[in-house]
Amino acid sequence: MTKRSVEAVLAPPPTHMVGDGFRVSNFFPQGYNMPKDRLSPFFLLDYGPPVDFSPREEPRGVGVHPHRGFETVTFGFKGRVAHHDSAGHHGVIGEGDVQWMTAGSGVLHKEYHEQEYSRTGGPFHMAQLWVNLPAKHKMEAPRYQSITRADMTHVQLPDGKSEAYVVAGELFGTKGPGKTWSPIIAAVVRLGAGGEADLRLPSTYNSTVLIVEGAAHINGSHAPTDHLVVFRNDGEDVHAASDAGATLLVLSGEPLNEPIAAYGPFLMNTYDEIQQAYTDLAAGKFGVLED
Ligand code: MN
């Protein structure tokens, strides 16, 4: 076994608003001008560090918009989000929950603060990841996986202080319930005070760890709150330790090694396919969703 080296510990880029409900830092691809395939199959990470929203009767959020060719995966840490899409799926993501939506051939969706959360306001903390689909799966029918914390595979770690929730793929010798279209590991690791964890991420997989809470020492680097650790693909082993406790979002996946054509809400292999997406959208092929 060989240790993976840390390529960079990235501070969160300045935040911007998505709609009026999501205040996010884009770590990639724009935030640090990374090559579009640097973290393939992951294409985009919008991280919403903790923020307090004031109470409001009318929920904040993002109105109806399309997607094709990839998946939107939303990780809830604080606050609640309601999702509706034109494939008839509806769900609420709360603390510790994950929503894994395959846009595939195309959906319209909207994402708003859940009504009760909006009325009371308070802490809000989320991340949205875009997972690219392999060319052969880009036009699959839309799919929606609601993966609550209770659905995740819970692992007590050997240090007796830390635990993990495996969302998808295999980590700590156990598999998560999430279905993916290419090999992916996604997990939340909660290090207790003085805790540590040993993660094995296949050396060919592009891998990152987002520090959601607390701070950690990861393979010789100090990683503060809200920072993203990007690894080189030069080994498997990642050792994470924390003095006062930390929550880590672990994302690791086999690169797709296919051309990327990205424009607006679409993620395809060629710009002809992007053009086709706009044509199909105008022709009503993404279905109907009321605002
Ligand atoms: Mn969206």
Side-chain angles (χ1 to χ4, degrees), residues 15-31 36 39 41-49 51 53 59-77 79-94 97-115 117-118 124-133 137-147 167 178 180-181 184 186 210 249 251 260-268 273-274 277-278 280-282 284-291:
T15 56
H16 65 276
M17 293 302 294
V18 177
D20 63 358
F22 304 93
R23 174 184 164 269
V24 300
S25 283
N26 179 262
F27 275 107
F28 60 85
Q30 290 95 350
K36 284 193 290 241
L39 292 168
F42 311 120
F43 177 76
L44 174 149
L45 179 62
D46 270 347
Y47 174 57
V51 59
F53 281 102
R60 299 172 175 90
V62 191
V64 176
H65 60 279
H67 291 302
R68 171 180 279 182
F70 66 103
E71 303 181 292
T72 61
V73 182
T74 308
F75 298 86
F77 304 115
R80 292 164 70 76
V81 175
H83 160 97
H84 292 84
D85 68 44
S86 56
H89 304 122
H90 167 59
V92 173
I93 311 134
D97 300 337
V98 173
Q99 172 203 284
W100 202 298
M101 185 192 79
T102 305
S105 60
V107 290
L108 304 175
H109 79 158
K110 56 183 179 180
E111 300 154 284
Y112 281 98
H113 293 183
E114 182 268 334
Q115 182 70 65
Y117 163 74
S118 188
F124 192 84
H125 189 188
M126 297 261 157
Q128 189 173 88
L129 177 72
W130 289 15
V131 179
N132 202 354
L133 289 169
H137 292 306
K138 280 194 182 290
M139 297 300 278
E140 297 282 350
R143 182 166 81 181
Y144 181 88
Q145 299 176 76
S146 169
I147 307 171
V167 179
T180 63
W181 297 97
I184 285 169
L210 176 67
L249 175 62
L251 300 170
I260 294 174
Y263 194 85
F266 304 128
L267 193 45
M268 306 302 291
E273 291 167 348
I274 296 284
Y278 280 101
D280 291 348
L281 179 65
K285 293 188 180 170
F286 285 56
V288 177
L289 184 65
E290 305 228 330
D291 220 335

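Atoms within each ligand, like the ligands themselves, are counted from 1 in listed order.
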Participant: Would you say the ring centroid of Phe42 lies under 6.0 angstrom from that of Phe28?
Facilitator: no

Participant: Verify whether the ring centers belonging to His65 and His109 lie closer than 6.0 Å.
Facilitator: yes

Participant: Could you grab the distance from atom NE2 of His83 to atom CD of Glu114, nearest 0.5 Å is fine?
Facilitator: 14.5 Å

Participant: Distance check, rounded to the nearest 0.5 Å: Arg60 atom CZ versus Met17 atom CE?
Facilitator: 8.0 Å

Participant: For a 4.5 angstrom cut-off between non-hydrogen side-chain atoms, does Arg68 reach Met139?
Facilitator: yes

Participant: Protein N/O/S atoms under 2.8 Å of the Mn ion (ligand 1)?
Facilitator: His65 NE2, His67 NE2, His109 NE2

Participant: Looking at Phe53 versus Tyr117, is the centre-to-centre ring distance below 6.0 Å?
Facilitator: no

